[in-house]
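A quick write-up on the structure given underneath.
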Amino acid sequence: NAGVMQNPRHLVRRRGQEARLRCSPMKGHSHVYWYRQLPEEGLKFMVYLQKENIIDESGMPKERFSAEFPKEGPSILRIQQVVRGDSAAYFCASSQGADALSYEQYFGPGTRLTVT
Amino acid sequence: AQSVTQLDSHVSVSEGTPVLLRCNYSSSYSPSLFWYVQHPNKGLQLLLKYTSAATLVKGINGFEAEFKKSETSFHLTKPSAHMSDAAEYFCVVPLNQGGKLIFGQGTELSVKP
């Protein structure tokens, strides 16, 4: 059973371009979480999605950021008009259920976004 | 609000010596707590978790942690460090609903030969 897959692993964008980050959850997992890790900081929750639904987006910046998890295909985190402050590692995690105590979140290797 | 504070941003030990990574939590009630490890260029892996059962929790790779309510601490220990333990370690508190995880700032562990 393959783990959580993220691509690309590294992404370089110029200021003003769009960044699309993809996450394929583990087989059988319908819950996806996105976290952002800024340099020298811990991971910060961004958004929690189930298939076709955004459950909690309390950690998402209000502008330029969006996420989706369609019925078919990977979850996508989209950042429009990137700025230097968006440079970070973006991690995706998946689980079988919403209860973090009962269902372990499995993390992907992350996408490292660099904005030049 | 629940939060965790990792007291050291970097810890360096010699191979074969004990490891102590410190974590304090803030919560109005006894929380559940996790430790995750992040090896370079890899995803995070769950080391162990405390969910209000036994206060001494054993995890993978010889790590263990003890929940101490009186000290609001959940320190991670290992009797003898191995070179392969070099990584970043995160103390984590899960929120009750929705699966959201709150991460500490992380502690980078270096192991010298």
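In what follows, chains carry the letters A, B, and so on, assigned in the order in which the sequence lines appear, proteins first and then strands, with residues in each chain numbered from 1.
A:Phe91 places a side-chain heavy atom less than 4.5 Å from the side chain of B:Gln38. Side-chain atoms of B:Ile102 and A:Phe45, non-hydrogen and from C-beta on, never get closer than 4.5 Å to each other.
For B:Lys49, the part sitting under 4.5 Å from any heavy atom of chain A is the side chain, from C-beta outward, and nothing else. With a 4.5 angstrom heavy-atom cutoff, A:Ser58 touches chain B only via side-chain atoms. If you measure heavy-atom distances from A:Glu41 to chain B, the contacts under 4.5 Å come from the backbone alone. For chain B, no part of A:Gln6 is nearby; none of its heavy atoms comes within less than 4.5 Å.
Taking CD1 of A:Ile55 as the reference point, atom NZ of B:Lys100 lies at 13.0 Å (rounded to 0.5 Å). To the nearest 0.5 angstrom, B:Gln45 atom CD is 9.5 Å from A:Tyr106 atom OH.
Residue A:Gln17 places its CD atom among more than 12 non-hydrogen atoms of other residues, nucleotides or ligands, all under 6.0 Å distant. For A:Lys51, the NZ atom counts as densely surrounded, since its 6.0 Å shell holds more than 12 non-hydrogen atoms of other residues, nucleotides or ligands. Counting heavy-atom neighbours within 6.0 Å of A:Met60 CE, excluding the residue itself, gives a total above 12.
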### Query
Between A:Phe107 and B:Tyr36, is a ring pair (Phe, Tyr, Trp, His ring centres under 6.0 Å) present by the stated rule, with each step listed?
CA-CA 10 Å; A:Phe107 283 78; B:Tyr36 274 84; 5.5 Å; yes

### Query
A:Tyr35 and B:Leu44: side-chain contact (heavy atoms from CB on, under 4.5 Å), yes or no, with the steps?
CA-CA 11 Å; A:Tyr35 295 85; B:Leu44 284 80; over 6 Å; no

### Message
Before you tell me yes or no, could you show the steps for B:Phe90 and A:Gln37 under side-chain contact (heavy atoms from CB on, under 4.5 Å), namely the whole-Å CA-CA distance, both residues' side-chain angles and the distance that decides it to 0.1 Å?
### Response
CA-CA 12 Å; B:Phe90 293 97; A:Gln37 184 179 29; 3.4 Å; yes

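Hydrophobic clustering of Ile, Leu, Val, Met, Phe, Trp and Tyr side chains at less than 4.5 Å, counting indirect connections, unites B:Phe67 with B:Leu95. Under a hydrophobic clustering in which Ile, Leu, Val, Met, Phe, Trp and Tyr are joined whenever their side-chain heavy atoms come within less than 4.5 Å, directly or via other members, A:Leu77 and A:Leu38 fall into different clusters. Under the 4.5 Å side-chain heavy-atom criterion for Ile, Leu, Val, Met, Phe, Trp and Tyr, A:Leu43 and A:Leu113 are members of distinct hydrophobic clusters. Linking ILVMFWY side-chain heavy atoms closer than 4.5 Å, directly or via other members, places A:Val47 and B:Phe103 in two distinct hydrophobic clusters. When the side chains of ILVMFWY residues are joined at heavy-atom separations under 4.5 Å, either directly or via intervening members, A:Phe65 and A:Tyr33 end up in two distinct hydrophobic clusters.
Options A:Arg9, A:Lys44, A:His31 differ in how many heavy-atom pairs under 4.5 Å they form with chain B, and the most are formed by A:Arg9.
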